[in-house]
2 protein chains.
Amino acid sequence: MLRKVDKHSGIPAYIQIVNMIKAELLLGNLQKGAQLPTVRDLQNIFDVNINTVLKALEKLKAEGYIEAEQGVGYFIKRDVEIDQKIIETIRECVSKLKDDRIDFYTAMLIFEEVWKNG
Amino acid sequence: MLRKVDKHSGIPAYIQIVNMIKAELLLGNLQKGAQLPTVRDLQNIFDVNINTVLKALEKLKAEGYIEAEQGVGYFIKRDVEIDQKIIETIRECVSKLKDDRIDFYTAMLIFEEVWKNG
DNA sequence: AATACTGTTATATAATTATATAACACTATT
DNA sequence: AATAGTGTTATATAATTATATAACAGTATT
């Protein structure tokens with residue numbers, strides 16, 4: 001689900017936008033051929049300047065995820081394959097962590113550290 | 001474990017440094033009273049400019065995690081409590097995901113999206 | 001006292017990120 | 001043909017992030 005960018009996270013807005021759209025692709029919420037909201041709508045959805053939206057779309061285009069049709073819109077270029085088992089693994093983990101009342105940021109810190117120095 | 005900053009991740013270096021040190025605190029690898037490497041050593045460890053190190057340390061100090069002794073060094077101010085069960089949950093999840101050959105970035109994207117729109 | 005190690009402050013410079021704003025170009029509808 | 005909706009390009013401005021470099025100030029050791 002596309003949502004407002006977090007302007008206090010320290011992570012550049014255009015990176016957050018790229019990440020959100022990639023996540024939609026991975027979860028199958030955006031599939032090949034689907035049309036993205038218009039650039040000006042995305043501007044409102046993410047609550048950023050139009051140039052910031054374009055920077056994100058340009059990156060996604062360069063990576064082959066989307067393509068633009070001048071005067072028409074942006075479209076998803078290809079599906080991103082992902083094993084449903086992986087999503088289920090993550091869902092279960094997130095569920096457990098939320099039960100333990102841990103916040104997202106802390107979870108991410110531990111997740112990254114464990115991943116890189118297991 | 002403190003390691004080089006990823007200069008291509010898009011995430012500001014000083015934020016990465018703050019996150020790495022916080023992760024060490026959460027995992028108990030850095031405990032109350034422990035001394036951090038010197039500012040100039042940290043500069044080499046993270047492979048950034050001294051001002052970038054100071055910016056990160058300043059943030060950690062402002063948040064109460066560390067304190068400075070002029071002419072002596074930086075020290076951990078307090079332990080960060082965290083249920084070991086949480087760490088175990090994350091370890092297991094990471095282990096499963098690595099078995100499935102998924103890369104860190106993709107895992108994080110799904111993790112964040114599932115967390116925020118379960 | 002001198003030295004070598006700490007943290008601290010300062011200045012200048014550059015690249016990156018983000019905003020505001022305007023105009024242009026293509027497509028589809030009226 | 002005119003219009004309204006798309007994407008596209010451009011300019012100016014500001015804040016943030018990061019670097020290089022130098023000097024200063026406190027602490028502990030010799």
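Throughout, a chain's letter reflects where its sequence line sits, starting with A, and its residues are numbered from 1.
- In this view, B:Ser95 satisfies the side chain to side chain donor-acceptor pair (under 3.5 Å) rule with no residue, not counting sequence neighbours.
- Applying the salt bridge (Lys or Arg N to Asp or Glu O under 4.0 Å) rule to pairs touching residues 11-22 of chain A yields A:Lys22-A:Glu63, sequence neighbours excluded.
- At a non-hydrogen distance threshold of 4.0 Å, A:Val39, A:Arg40, A:Asn51, A:Leu54 from residues 39-58 of chain A come into contact with DNA chain D.
- Every residue was checked against the side chain to side chain donor-acceptor pair (under 3.5 Å) condition with B:Asp47, not counting sequence neighbours, and none meets it.
- Across residues 68-79 of chain B, B:Gln70, B:Gly71, B:Val72 each have a non-hydrogen atom less than 4.0 Å from an atom of DNA chain D (numbered order).
- Taking the side chain to side chain contact (heavy atoms under 4.5 Å, CB included) definition, one finds that A:Met108 meets it with A:Phe104, B:Met108, B:Phe111, sequence neighbours left out.
- Hydrophobic cluster membership for A:Ile11: A:Tyr14, A:Ile15, B:Ile11, B:Tyr14, B:Ile15 (Ile, Leu, Val, Met, Phe, Trp, Tyr linked by side-chain heavy atoms under 4.5 Å, directly or transitively).
- Pairs engaging residues 105-118 of chain A under the salt bridge (Lys or Arg N to Asp or Glu O under 4.0 Å) rule: A:Glu112-A:Lys116, A:Glu113-B:Arg3 [sequence neighbours left out].
- Other residues, nucleotides and ligands place more than 12 heavy atoms under 6.0 Å from the NZ atom of B:Lys98.
- Along DNA chain C, read 5' to 3', the first and last nucleotides having any atom under 4.0 Å from a heavy atom of chain B are C:dT6 to C:dA10.
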Review item, side-chain donor-acceptor pairs of residues 68-87 of chain B, under 3.5 Å, at least two apart:
unit_1	atom_1	unit_2	atom_2	d
B:Arg78	NE	B:Gly64	O	3.4
B:Asp79	OD1	B:Lys32	N	2.8
B:Asp83	OD1	B:Lys85	N	2.9
B:Lys85	NZ	A:Asp100	OD1	3.4

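- For B:Lys96, there are no side chain to side chain donor-acceptor pair (under 3.5 Å) partners at least two apart in sequence or on another chain.
- Residues satisfying the side chain to side chain donor-acceptor pair (under 3.5 Å) criterion with B:Asp103, sequence neighbours excluded, are B:Thr106.
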